[in-house]
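A short write-up of the structure that comes next.
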Amino acid sequence: MKQYLLSVYQPDGDLPPAEILEPIMRELLAWNQELRDAGAWVFGAGLHPPSTATVVRVRDSELLMTDGPFVEGKEHLGGFTVITAPDLDAAVAWGRRLAEITTLPIEVRPLQGT
Amino acid sequence: MDIARVFREEYGRAVSVLVRAFGDIDLAEEAVQDAFAEAVKRWPSSGPPPSPAGWIITTARNRAIDRLRRESTRAERQAAAILAVDEPGEEGVVGDDRLRLIFTCCHPALAPAAQVALTLRLLGGLTTAEIARAFLVPEPTMAQRLVRAKGKIRDAGIPYRVPDDLAARLRPVLAVVYLVFNEGYLASSGGELVRDDLCAEAIRLGRLLVELMPEEPEVVGLLALMLLTASRSAARTDTDGAVVLLRDQDRTRWNRHLIAEGQALVRWCLRRGAPGPYQLQAAINAVHSDSASAVDTDWPQIVALYDQLLAMAPTPIVALNRAVAVAEVAGPRAALAIVDDLNLDAYHLFHAIRADLLRRLGWVEQAADAYDAAIARADNAAERELLCRRRETLTA
């Protein structure tokens, strides 16, 4: 079995209103439960917005911090799930469901050493 | 015994069997190449074995195991695989292996250019240099593309399996083969109009697909389409290498064998009654190949087939080709109305077809402008030459 990172990319700006978001969150919960029931769930989380991010660098052994995300763009990483799957087709099938639920693009990427 | 011929015919088969056994494309390729190197050394003096294909597969399999034993890290990783290696299978099983490999090479998670390169390399047995030459890219670029694609298959776990949703996954497979054919037939850039080797390779792959999936109508339709198109290649250029349009072609130079084979496949498709885009395009070409001249062509039948094709594949290119047939049935003005609605400004044939319609309407100045637009957008020297000649005859 290999492990895959499923990343959710969402547009910057305000979240959709509750009447849109709530059914999505309900379906996401059900999807997560389905993953667990199938023994495919490894780890996952939603992220606070990029404005809460801090980038850390070290220059001449001195700590440098910058406010905001590493990459500024119109979209940002909104959350992720690590799953186990026998092959890419199986991982893509999980990713497809996630894309259908969130209506957002999902990046499917294999983890090293798995 | 022509080892080069055995190589072209058996390379894909041997690689497929070894990929199944060892689950590692690079190892499979290295081992099969080792086996052919051994054949080059041995066969000239000892004579070829009774079954060259079986000999290659058995030798490659032993070489692969040798390699795994030498490379301890790989051996650990593949320990389970060695245990699973069985003797080369029956023909049916081998066929399944090649089918699996086609679906791996044409997996939709790979970019189309990577799908084409992998298919030609692993199933066609073409060298990296040959593929690079065929697609007019530097050899290191093509080598890099292949390395990257094989790396993705390995690391992302692209499966080696005939997919359950065959109909959807067949689309990129057929697209790859047709793209290879068109690259050979239309030669998007460069001087020669037809690169026969690519056409021949595409037809060979098309035959392989029909052999592996004889009941899939679109697979049969694609082979028919390529055969019927290729049947006209000798008539497509004159002795100076200049392009000759379909209506002006010397139809006695069409290849009757390819036409007969293509038409028989189209008839099989018609009996199956499950039309698809490739089958319809094949049927359109079958109507052309039935006609003694452009005037005698059953144009209403061709328009009807294009109507069906447009319903299935509503693309501006299909609409453009349909307009050419409409011009023969309803006249150039009706066709021009269709063409002018299409958003195909970047496509040289859009302007070339417009120019011909404008010429037939007697609108010389507008026709000249359209020819200029077509000439500016044509990459192929032979096609540009034809457009220039047609533009010159406007004022003659």
Side-chain angles (χ1 to χ4, degrees), chain A residues 1-10 27 30-32 34-45 70-71 73-114, chain B residues 16 19-26 28 72-81 84 96-97 99-112 114-115 118-119 122 147-173 176:
Chain A
M1 291 290 252
K2 297 178 74 71
Q3 293 191 349
Y4 296 86
L5 172 68
L6 309 188
S7 307
V8 183
Y9 282 90
Q10 62 187 54
E27 280 192 70
W31 178 77
N32 261 290
E34 223 177 292
L35 271 173
R36 285 169 209 261
D37 293 345
W41 190 87
V42 179
F43 183 65
F70 176 64
V71 182
K74 289 194 183 68
E75 286 97 19
H76 62 271
L77 180 64
F80 63 91
T81 304
V82 177
I83 63 166
T84 55
D87 57 42
L88 184 65
D89 283 354
V92 163
W94 287 112
R96 177 204 172 133
R97 286 282 321 284
L98 187 54
E100 281 167 352
I101 294 168
T102 59
T103 71
L104 295 169
I106 307 299
E107 183 183 289
V108 180
R109 198 154 156 186
L111 268 64
Q112 285 189 359
T114 65
Chain B
S16 306
V19 172
R20 192 220 335 126
F22 294 94
D24 183 328
I25 292 175
D26 282 327
S72 59
T73 55
R74 238 180 175 179
E76 277 163 33
R77 228 175 347 115
Q78 308 286 346
D96 288 348
D97 284 337
L99 193 57
R100 285 193 195 97
L101 191 59
I102 285 173
F103 283 106
T104 307
C105 291
C106 300
H107 195 281
L110 296 166
Q115 295 173 354
L118 276 175
T119 303
L122 297 180
V147 167
R148 193 182 164 278
K150 285 190 270 188
K152 180 161 185 185
I153 290 173
R154 182 184 61 241
D155 296 333
I158 289 179
Y160 181 60
R161 183 176 63 218
V162 177
D164 301 330
D165 52 342
L166 195 70
R169 289 283 308 278
L170 204 47
R171 227 173 294 139
V173 173
V176 160

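The sequence lines fix the lettering, A, B, ..., with proteins before strands; numbering per chain opens at 1. None of the values given here were measured: they were computed from a predicted structure.
The nearest pair of heavy atoms linking A:P110 to B:D155 is CB-O, 3.1 Å. Between A:D87 and B:G157, the closest heavy-atom pair is CB-O, 3.2 Å. Residues A:K2 and B:R154 share a closest heavy-atom pair of NZ-O, 3.8 Å.
The distance from atom CG of B:D165 to atom CG of A:D89, rounded to the nearest 0.5 Å, is 7.5 Å.
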- Message: Set out, in order, the CA-CA distance, both residues' side-chain angles and the distance that settles side-chain contact (heavy atoms from CB on, under 4.5 Å) for B:H107 and A:V92, then state yes or no.
- Response: CA-CA 12 Å; B:H107 195 281; A:V92 163; 5.7 Å; no
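Counting heavy-atom neighbours within 6.0 Å of B:D164 CG, excluding the residue itself, gives a total of 12 or less.
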